[in-house]
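All remarks here apply to the structure that follows.
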Amino acid sequence: MKLINGKEISTKTKDAIKAEIEAIRKTGKRVPKLAVILVGDNQASQVYVRNKEKACAYVGMESLRINKDATMSEEELLKLIDELNHDDSVDGILVQLPLPKTIDEEKVLKAIAPEKDVDGFHPANIAKLFLNEEGFIPCTPYGMMVMLDEIGYDLDGKEVVVVGRSNIVGKPVALLALHHNATVTIAHSHTKNLQEVTSRADVLIAAIGKAKFFTADYVKEGAVVLDVGMNRDENGKLCGDVDFDDVKDKVAAITPVPGGVGPMTIAMLMKNTLLSYKRRVQ
Ligand SMILES: Nc1nc2c(c(=O)[nH]1)N[C@@H](CN(C=O)c1ccc(C(=O)N[C@@H](CCC(=O)O)C(=O)O)cc1)CN2
């Protein structure tokens, strides 16, 4: 079984970005800048935002972290986003999800200027992904494609089963796999005979948010497994949607949790922000 090392691949990705930003800095031009808005006190979100800030510092990008408490109104958030849309020094804007229930997430994501939407969640960027045109690719699906490329895995003609149909992972990664000529199935909570469906996957993408749900009898011998899950097990330990110990002797390759897809999400956010800078400044 090959461990697909997200930490290693994300560092390689970030090092390439770091070199590009160093070269920009030496020209005397400003460096790329990412604005991150965190509303409320979700503990996990605070970890992820901190990881994003650390990544910005690592690659030499400027970051602007804006913390607001959960009482922030939707109107105030929309106003803040509008200010950042018009701030010419800001290349990327993201609002950390989830938002408090008092705020309409869809409305907020649509308020971010598509050309600064480095999460790739704006409908204009979703449409470009759908059409296989260049916009911004959502970071987690993007990172999964980079990981497969890094291990030399060709999706062409392969059976890919995506379990989970979120707008930020399941649906976009299914589209990316389709663009790579895979035969794609999107399974979800209403799928019948799930075990039968996942057992035919050459590549199984687990993105349902259920700790250790996928055991060996859900996985084909020799499959590649990408675990997007970010859960806590009975001991409070971070774990994925896949029962790693149960499947490790059956799969050809698998991403660990932690240290797999998560760090790649952050690295691809850096890549999208640098791309935005290049489109806007260079
Ligand atoms: N605006 C966004 N919100 C959210 C996104 C997103 O892409 N944009 N995705 C997820 C959370 N996420 C990014 O924000 C994310 C999740 C996990 C990690 C990560 O590095 N995980 C580590 C473990 C971290 C820990 O110690 O808890 C790992 O897997 O090794 C990064 C980013 C939902 N919200």
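Every number for a ligand or one of its atoms is a count from 1 in the order of the listing. None of these values were measured; they are calculated from a predicted model.
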- Is there a nitrogen or oxygen of Leu94 sitting under 3.5 Å from a nitrogen or oxygen of ligand 1? no
- Could you tell me which atoms of ligand 1, counted from 1 in the order shown, lie closer than 4.0 angstrom to a heavy atom of Phe121? 1 (N), 2 (C), 6 (C), 7 (O), 8 (N)
- Tyr277 side chain vs Arg30 backbone, donor-acceptor pair below 3.5 Å: yes
- Item | Options Leu238, Leu269, Thr140, ranked by nearest heavy atom to atom 23 (C) of ligand 1, top entry | Leu238
- Task: Would you please name every residue forming a side-chain hydrogen bond (donor to acceptor under 3.5 Å, both in side chains) with Asp156, sequence neighbours left out?
- Result: Asn181
- If you scan protein heavy atoms around atom 4 (C) of ligand 1, the nearest is Gln96 NE2, 3.6 Å
- Message: Does any N or O of ligand 1 fall below 3.5 Å from an N or O anywhere on Gly260, backbone included?
- Response: no
- Item | Per-atom contacts of ligand 1 with Gly259, taking only distances under 4.0 Å to non-hydrogen atoms | 28 (C), 29 (O), 30 (O)
- Query: Lys7 near ligand 1, heavy-atom distance under 4.0 Å?
  - Reply: no
- Which ligand 1 atoms does Ile266 reach within 4.0 Å, using its non-hydrogen atoms? 31 (C), 32 (C)
- Item | Nearest heavy-atom neighbours spanning Ile4 and Ile9 | CG2-CD1, 4.1 Å
- Close approach of Cys139 to ligand 1, heavy atoms, under 4.0 angstrom: no
- Can you check whether a protein heavy atom sits less than 4.0 angstrom from atom 10 (C) of ligand 1? no
- With a 4.0 Å cut-off on heavy atoms, does Asn51 reach ligand 1? yes
- Name all residues meeting the side-chain hydrogen bond (donor to acceptor under 3.5 Å, both in side chains) criterion together with Glu134; count only those two or more places apart in sequence or in a different chain, and write none if there are none. Arg279
- Item | Stepwise salt bridge (charged side-chain N to carboxylate O under 4.0 Å, His left out) check, Arg200 with Glu196 | CA-CA 7 Å; Arg200 66 168 184 253; Glu196 212 175 283; 5.9 Å; no
- Message: Can you confirm if the NZ or CZ of Lys18 lies within 45° of the ring axis of Tyr58 and under 6.0 Å from the centre of its six-membered ring?
- Response: yes
- Query: In the protein, which heavy atom is nearest to atom 1 (N) of ligand 1, and how far is it?
  - Reply: Asp119 OD2, 2.7 Å
- Message: Could you check whether any side-chain N or O of Asp243 sits under 3.5 Å from a backbone N or O of Asp246, counting only pairs where one atom can act as donor and the other as acceptor?
- Response: yes
- Message: Return the closest protein heavy atom for atom 13 (C) of ligand 1 as residue, atom name and distance.
- Response: Lys52 NZ, 3.5 Å
- Message: Looking at Lys220, I want to see if its NZ is surrounded by more than 12 non-hydrogen atoms of other residues, nucleotides or ligands under 6.0 Å.
- Response: yes
- atom 20 (O) of ligand 1 has as its nearest protein heavy atom Gly262 C, 3.5 Å
- Message: Can you confirm whether Lys248 is buried at NZ, in the sense that more than 12 heavy atoms of other residues, nucleotides or ligands lie under 6.0 Å from that atom?
- Response: yes
- Message: Would you call the rings of Phe214 and Tyr218 parallel, tilted or perpendicular, taking 30° and 60° as the class edges?
- Response: perpendicular
- Task: If you have a sec, work out which protein heavy atom is nearest atom 33 (C) of ligand 1 and how many Å separate them, to one decimal?
- Result: Leu97 O, 3.9 Å
- Message: Does the Lys NZ or Arg CZ of Lys158 fall within the cation-pi geometry relative to Tyr153 - under 6.0 Å from the ring centre and within 45° of the axis?
- Response: yes
- Message: As an exercise, identify every atom of ligand 1 less than 4.0 angstrom from a heavy atom of Pro263.
- Response: 20 (O), 28 (C), 29 (O), 30 (O)
- Note on the structure: Val95 heavy atoms within 4.0 Å reach ligand 1 at atoms 1 (N)
- Note on the structure: Near Met230 (heavy-atom distance under 4.0 Å), the atoms of ligand 1 are 17 (C), 21 (N), 29 (O)
- Item | Nearest-neighbour protein heavy atom for atom 5 (C) of ligand 1, which is reported as residue plus atom name and distance | Ile168 CD1, 4.2 Å
- Task: Check Arg280 against Asp87 and note the closest heavy-atom contact, atom names and distance.
- Result: NH2-O, 4.4 Å
- N or O pair under 3.5 Å between Tyr48 and ligand 1: no
